[in-house]
Each structure stands twice: as structure tokens, then as C-alpha cells.
Amino acid sequence: QKDDHYKTVGQVVRILTDVVSKNGTLLLNIPQREDGTIDDRELAWLKDMAAWIAVNGEGIYGTRPWKVFGEGPTQVPRGRAADRPLPYTSDDLRFTTKGGRLYVFVMELPTAPIEVKALGLAAGLAPRVATVSLVGSSEPVRWRQEQDSLVIEVPATMPSRDVISYRITFERSMAAPPVALSPTPPLP
């Protein structure tokens with residue numbers, strides 16, 4: 001096992017967020033020793049992953065894809081889970097929705113205001129924004145909705161080391177779009 005290569009929690013969190021925003025699932029592989037135990041590196045990795053989920057899981061679990069999966073410059077190739085890490089930027093965003101709320105995941109920690117083009121007044125993809133909160137933080141969020149984007153100021157402290165997420169509510173209900181699923185063939 002000494003030559004094993006593990007993806008970092010940040011890499012897996014970015015893969016997970018991207019996959020969930022597209023209505024997909026992700027299978028984690030945690031290798032075990034012959035006696036069924038895991039080594040200290042794997043245990044530390046699982047603890048770090050659990051810490052990220054404890055903060056950001058509300059935007060992952062029980063969510064649905066939104067009208068668009070995301071926005072930003074980074075192109076994600078098909079079958080990319082085995083590939084090298086992608087060069088995400090803080091302009092790369094992913095969206096999920098649950099209970100009338102929209103979750104905006106920022107794929108790289110921001111150093112400048114975040115501009116969510118899909119939530120600009122002119123985009124017409126959602127009702128007017130009512131509130132913006134940073135998931136996992138009680139820090140007030142400064143934001144403004146402009147014609148071309150929702151602009152969110154950078155938080156003073158980050159609740160996660162990797163991807164952060166914002167919870168957006170709207171002035172009126174945002175109906176969830178229907179998601180087309182492939183029919184499942186009957187079991188024999």
C-alpha cells in the first residue's frame with residue numbers, strides 16, 4: 001500500500017459537486033487491508049471528507065439539478081473521475097436545488113467577488129433573490145443582484161478548506177424543473 005495514490009478531499013469534493021449538479025452519483029472506493037481495516041491516511045481522508053459534508057451536505061443530499069448545472073470557464077471531459085485534477089477557478093460554479101432554495105457551489109475558494117451570471121435579473125432563470133447565506137457560517141453575506149449577475153462579496157472566513165456553498169432564497173417560489181430520467185427496464 002505504500003505506493004497507493006489517493007485523490008485529495010478537495011479533488012473528490014469537486015468531482016462530487018460537479019456530478020450531483022448533473023443529477024449523477026459518485027461511488028467512493030476506500031481500499032481495505034486483508035483484515036478489513038483501513039490505514040491512517042485513509043482514516044484521516046474520511047474524517048476530512050466528513051467535515052466537508054457536515055458543512056456543505058445540505059446542498060448535496062436530497063437535492064435535484066437546477067435549470068443549468070453550472071457556469072464557468074473550466075471544461076469537464078466525460079469520464080473524468082480517473083483523470084488529473086481540473087484547473088477550477090472561483091468563476092466555476094455548480095448549482096443544486098432543494099425545498100425552493102438554490103445552492104451555489106464555488107469550485108475554488110474566491111479572492112474576488114463571485115458573479116453568478118445565471119442569477120442576473122436579465123437571465124430570467126429564477127425569481128428575484130431574497131437572501132444569500134454562506135452555508136456553514138453565521139457571517140452576514142454582502143450581495144447585490146444586477147442585470148447581468150448576482151454579485152456576492154468574498155466572506156471574511158471560509159467554513160470549508162475547499163469548495164464553499166451559498167444558500168439562495170427567492171422572493172417568490174421557484175418551481176423545480178422536471179428532470180428527464182431514463183426509463184429503468186423491468187427486472188427479469
Side-chain angles (χ1 to χ4, degrees), residues 10-26 52 55-78 80-81 83 85-137 139-180:
Q11 289 170 304
V12 173
V13 161
R14 288 175 183 91
I15 293 168
L16 173 66
T17 304
D18 181 65
V19 166
V20 169
S21 73
K22 297 171 182 172
N23 199 35
T25 58
L26 180 68
W52 186 87
V55 172
N56 297 285
E58 76 175 80
I60 297 292
Y61 292 115
T63 62
R64 302 298 302 157
W66 191 47
K67 296 173 183 179
V68 294
F69 76 89
E71 61 187 50
T74 303
Q75 299 296 311
V76 180
R78 292 182 64 84
R80 63 158 186 66
D83 293 344
L86 295 174
Y88 284 114
T89 72
S90 59
D91 292 331
D92 289 301
L93 309 174
R94 296 297 180 266
F95 307 117
T96 63
T97 186
K98 174 171 64 177
R101 296 176 302 271
L102 180 70
Y103 292 90
V104 177
F105 290 89
V106 184
M107 301 296 272
E108 185 63 39
L109 295 181
T111 57
I114 300 153
E115 294 186 25
V116 186
K117 294 179 185 357
L119 293 178
L121 293 169
L125 292 174
R128 187 176 290 270
V129 171
T131 66
V132 177
S133 54
L134 180 60
V135 176
S137 174
E139 178 184 335
V141 176
R142 292 181 32 205
W143 61 275
R144 65 189 179 280
Q145 192 172 21
E146 299 176 346
Q147 283 300 111
D148 61 343
S149 65
L150 171 68
V151 180
I152 305 171
E153 298 298 324
V154 176
T157 58
M158 303 289 176
S160 300
R161 285 193 317 212
D162 297 296
V163 175
I164 60 171
S165 61
Y166 288 92
R167 181 188 315 104
I168 313 288
T169 63
F170 299 96
E171 289 182 356
R172 60 181 172 78
S173 177
M174 179 181 70
V179 177

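Of the residues V20, N23, V104, L102, the one that meets the side chain to side chain contact (heavy atoms under 4.5 Å, CB included) test with T96 is V20.
I164 contributes atom CD1, which lies 11.0 Å from atom CH2 of W52 (distance to the nearest 0.5 angstrom). For the atom pair I15 CD1 and L26 CG, the distance stands at 6.5 Å (nearest 0.5 Å). Taking CG of L93 as the start and OG1 of T74 as the end, the distance is 10.5 Å to the nearest 0.5 Å. How far OG1 of T63 is from OH of Y103: 8.5 Å, rounded to the nearest 0.5 Å. Between the CD atom in Q145 and the CG atom in L150 there is a gap of 6.0 Å [rounded to 0.5 Å]. Here the CD atom belonging to E58 is positioned 6.5 Å from the CZ atom belonging to R101, to the nearest 0.5 angstrom.
Closest non-hydrogen pair, S165 versus N56, comes out as OG-OD1, 2.8 Å. The nearest pair of heavy atoms linking L134 to P155 is CD2-CB, 3.6 Å. Heavy-atom minimum distance, F105 versus I60: CZ-CD1, 3.8 Å.
Among residues two or more places apart in sequence or in another chain, the ring pair (Phe, Tyr, Trp, His ring centres under 6.0 Å) test is passed with F95 by W66. A search for side-chain hydrogen bond (donor to acceptor under 3.5 Å, both in side chains) contacts involving E171 returns nothing, not counting sequence neighbours. The side chain to side chain contact (heavy atoms under 4.5 Å, CB included) check on V55 picks up P159, S160, with sequence neighbours excluded. Considering only residues two or more places apart in sequence or on other chains, R161 meets the side chain to side chain contact (heavy atoms under 4.5 Å, CB included) condition with D48. For the side-chain hydrogen bond (donor to acceptor under 3.5 Å, both in side chains) test, residues two or more places apart in sequence or in another chain that qualify with T157 are E139. Partners of E71 under the side-chain hydrogen bond (donor to acceptor under 3.5 Å, both in side chains) rule, at least two apart in sequence or in another chain, do not exist in this structure. S21 pairs by the side-chain hydrogen bond (donor to acceptor under 3.5 Å, both in side chains) definition with nothing, not counting sequence neighbours.
Applying the salt bridge (charged side-chain N to carboxylate O under 4.0 Å, His left out) test to every pair with at least one member in residues 87-98, sequence neighbours left out, gives these pairs: D18-R94.
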Solution key, residues 106-132 side-chain donor-acceptor pairs under 3.5 Å, sequence neighbours excluded:
from: E108; atom 1: OE1; to: R14; atom 2: NH2; distance (Å): 3.2
from: T131; atom 1: OG1; to: T169; atom 2: OG1; distance (Å): 2.2

